[in-house]
Amino acid sequence: MQGHPGGKVDRVALVDVNSFYVSCERVFDPSLEGKPVVVLSNNDGCVVARSNEAKALGIDNGDPWFKLAADAKRTGLIHRSSNYELYGDLSSRVMELLGRFSYLIEVYSIDEAFVSLRGTPEDLLKVGREIKAAVAKNIGLPVCVGIAPTKTLAKFVNRVAKQNPALEGVCSWDTLPPDHAETIMSRVPVTGIWGIAGRLGKKLNAMGIFTIADLKAADPVAMRKKFSVLMQRTIMELNGIPCIPLETEIATKQQLIFSRSFSTPVTTASRMHEVMAIYAQQAAIRLAKDHQQAKIMSCFAGTSYFNEKFSSFPSATVNLAAPTADPVLLTKAAVGALEHSIVDGIPYARAGVMLTDLSPAGAAPQLPVFATAHEEKHIGALLGDVMDRFGVSSIGLGRAGMAEAPDWGMKRKAMSPRYTTEWDELPLVKAS
DNA sequence: GGGACATAG
DNA sequence: GATTCTATGTCCC
C-alpha cells in the first residue's frame, strides 16, 4: 500500500506558522523583526506568543506580564495586546492558500493545518518547500512543514524542522536518514510528542519511559490498559501506523463558552447583573453565527485563584424551556441564574456563560406556543451584524446597552491596528 | 449523564 | 496590585 521505492505514497503535512501571533504583528510592523516580542492574553494578563528572541531571554508562555514589565526596558522586550481580528483574518488567508495544495485539509487550529498529500517522497519534499514559499510570498508569514505517514509523526518532524535551521523549515520523515531520526527520538523527552504533557510525562518517567524512542518501543496494548486508548494511538502512530484520521469536516460545536476575566474585580450583584447581560448577548451572537440553538445554560463566576482571602465559585444551570438562540431569552436566563448567589463585597475576578445541548437552528421547529416575537426576527444575528460594523458597545439589550464602557471591561493597552478588518485602521503605504 | 482529569493551541 | 480563553476526549462512578 505504501513505501514502494520510488513510488507514490500517502502522506500528511503539518503546516504550522512560527510564533503565529508575533509573526502576524511583524507582517505589518517590520521594525519588530529580529527583536524580542511577546503577545499578551486578554487583559494583558500573560504571555501567549513569543518570538525566538523572546524565547532566548527565557520567557515562557504563561509568564504574567506584570512580572516582565519591570525588566522590559532593560531587556528591550516589546509587547503587544492580542489582536484577534488581525490574527483571525491572516489565518483564513493561510488556510485558503493551503487549500490550493490539496482538497483534503484539516484546519487544526488558528495557525496549523494538516494537509493530505500523495506523491514520491522527493516530490513531496518539494511540495513542502513550495507551501512554505507560497505562504511567505502571498501572506508574509513564516511556516514550518513536517511531512510523514501519520499525524503524530508529522507533528514530530515539524518540530525537527523548527529546531534545525539547516532544514530551512521543511522536514520529511521519508527523506530524513533513519539513524538521524532515531538519534533525535532518543534525545527528545517524551513530553515533546503530541498528546503527552506534564502529568502523563511524570507517570511515563516513573515507568522508565523518558524519551520519544522509549515510548515508540512500548507495547501499545499494555499501555492502553495502563493509560487510555489515546496513548495506544500515539504509540502506533509513532510506529508509522495511521490511527488518528484527518478530520476534513468542520465539526459542529458541542458547547459554547463566553468567559472573561475582569480588568477590575466585580464586587456587587448589580455589576454582575450587567456582566451576565453582556456575556449572554455575546454568547447569543456566536450561537447565531454558528446557526445553532441551545437548550441548557450554565452561568458561573469566580474569585481569583491567587486571592488567598476570598474563594468563591458560584454557578447555576438553567434548563431553557425550548432550544433557543434568542438573546432576549438568554439574557433573562443569565441574569436570573446568578441573581441570588452573588454576595456583595466578594471580589469576583471572572465570570462566564456556557451553552450546552446545542442543536442546529430550526432543526426541530418550535411549537408556536414557545416561539417569541423577537426570536422570529433573528435578533441574535442582527446584534452580531451591528456589533461587527459599529463595535461591541454600539448596541445592547437592557443593562448591556450602557453608553459607557464598564470599568471591569477588557484591558488591551498595547493593541496594534486591525489592519485588515477595519476600514479606519488600514495600513498606509507611502511611496516616495 | 456528569464530574474529574488531561491535553492542545 | 496584577497570572487567557475555548474546546475536546476519556475514564469512572
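Protein chains get the first letters and strands the later ones, always in sequence-line order, with residue 1 at the start of each. From a predicted model like this one, the values you see are computed outputs, not experimental measurements.
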Select from Arg286(A) and Arg224(A) the residue whose nearest nucleotide in DNA chain C is closer to the 5' end of that strand. Arg286(A)
Exam field: side chain Ser263(A) to backbone Lys411(A), donor-acceptor pair closer than 3.5 Å: no
For [X], answer base if it contacts any base atom (sugar-phosphate contacts may also be present), sugar-phosphate if it contacts only those atoms, and nothing otherwise; contact means non-hydrogen atoms under 4.0 Å.
{"X": "Lys253(A)", "answer": "sugar-phosphate"}
{"X": "Tyr108(A)", "answer": "sugar-phosphate"}
{"X": "Trp194(A)", "answer": "sugar-phosphate"}
{"X": "Asp111(A)", "answer": "sugar-phosphate"}
{"X": "Leu200(A)", "answer": "sugar-phosphate"}
{"X": "Phe258(A)", "answer": "sugar-phosphate"}
{"X": "Gln255(A)", "answer": "base"}
{"X": "Ile110(A)", "answer": "nothing"}

Given atom [atom1] of [X] and atom [atom2] of [N], what is their separation to the nearest angstrom?
{"X": "Tyr348(A)", "N": "dA2(C)", "atom1": "OH", "atom2": "P", "value": "17 Å"}
{"X": "Gln282(A)", "N": "dT6(C)", "atom1": "CD", "atom2": "P", "value": "10 Å"}
{"X": "Ile193(A)", "N": "dA6(B)", "atom1": "CD1", "atom2": "C1'", "value": "17 Å"}
{"X": "Leu358(A)", "N": "dA7(C)", "atom1": "CG", "atom2": "C1'", "value": "12 Å"}
{"X": "Tyr21(A)", "N": "dG9(B)", "atom1": "OH", "atom2": "P", "value": "12 Å"}
{"X": "Lys67(A)", "N": "dG1(C)", "atom1": "NZ", "atom2": "P", "value": "14 Å"}
{"X": "Asn319(A)", "N": "dG2(B)", "atom1": "CG", "atom2": "C1'", "value": "14 Å"}
{"X": "Ile59(A)", "N": "dT3(C)", "atom1": "CD1", "atom2": "C1'", "value": "15 Å"}

Looking only at side-chain atoms of [X], point me to the closest of [options].
{"X": "Ile257(A)", "options": "dT6(C), dT10(C), dG9(B)", "result": "dT6(C)"}
{"X": "Ser228(A)", "options": "dT6(C), dC11(C), dG9(C)", "result": "dC11(C)"}
{"X": "Leu230(A)", "options": "dT4(C), dA6(B), dT10(C)", "result": "dT10(C)"}
{"X": "Asn43(A)", "options": "dC5(C), dT6(C), dT8(C)", "result": "dC5(C)"}
{"X": "Val229(A)", "options": "dT7(B), dT4(C), dT10(C)", "result": "dT10(C)"}
{"X": "Ala197(A)", "options": "dG9(B), dT6(C), dA8(B)", "result": "dA8(B)"}
{"X": "Ser261(A)", "options": "dT7(B), dA8(B), dT4(C)", "result": "dT4(C)"}
{"X": "Val48(A)", "options": "dT4(C), dG9(B), dT7(B)", "result": "dT4(C)"}
{"X": "Arg199(A)", "options": "dG9(B), dC5(C), dC5(B)", "result": "dC5(B)"}
{"X": "Ser259(A)", "options": "dT4(C), dA7(C), dT6(C)", "result": "dT6(C)"}

Classify the angle between the aromatic ring planes of Phe262(A) and Tyr279(A) as parallel (below 30°), tilted (30 to 60°) or perpendicular (above 60°). tilted
A side-chain contact here means heavy atoms from C-beta on lying under 4.5 Å apart; do Thr152(A) and Ile244(A) qualify? yes
With centres under 5.5 Å and planes under 30°, do Phe66(A) and dT3(C) count as stacked? no
Residue that, paired with Met185(A), satisfies side chain to side chain contact (heavy atoms under 4.5 Å, CB included) out of Leu215(A), Ile212(A), Val190(A): Ile212(A)
Side chains of Asp326(A) and Thr324(A): is there a donor and an acceptor less than 3.5 Å apart? no
Residue pairs involving residues 25-61 of chain A (criterion ring pair (Phe, Tyr, Trp, His ring centres under 6.0 Å); sequence neighbours excluded): Phe28(A)-Tyr419(A)
Does the ring centre of Tyr21(A) sit less than 6.0 Å away from the ring centre of Tyr84(A)? yes
Any Arg233(A) side-chain N or O less than 4.0 Å from OP1/OP2 of dG9(C): no
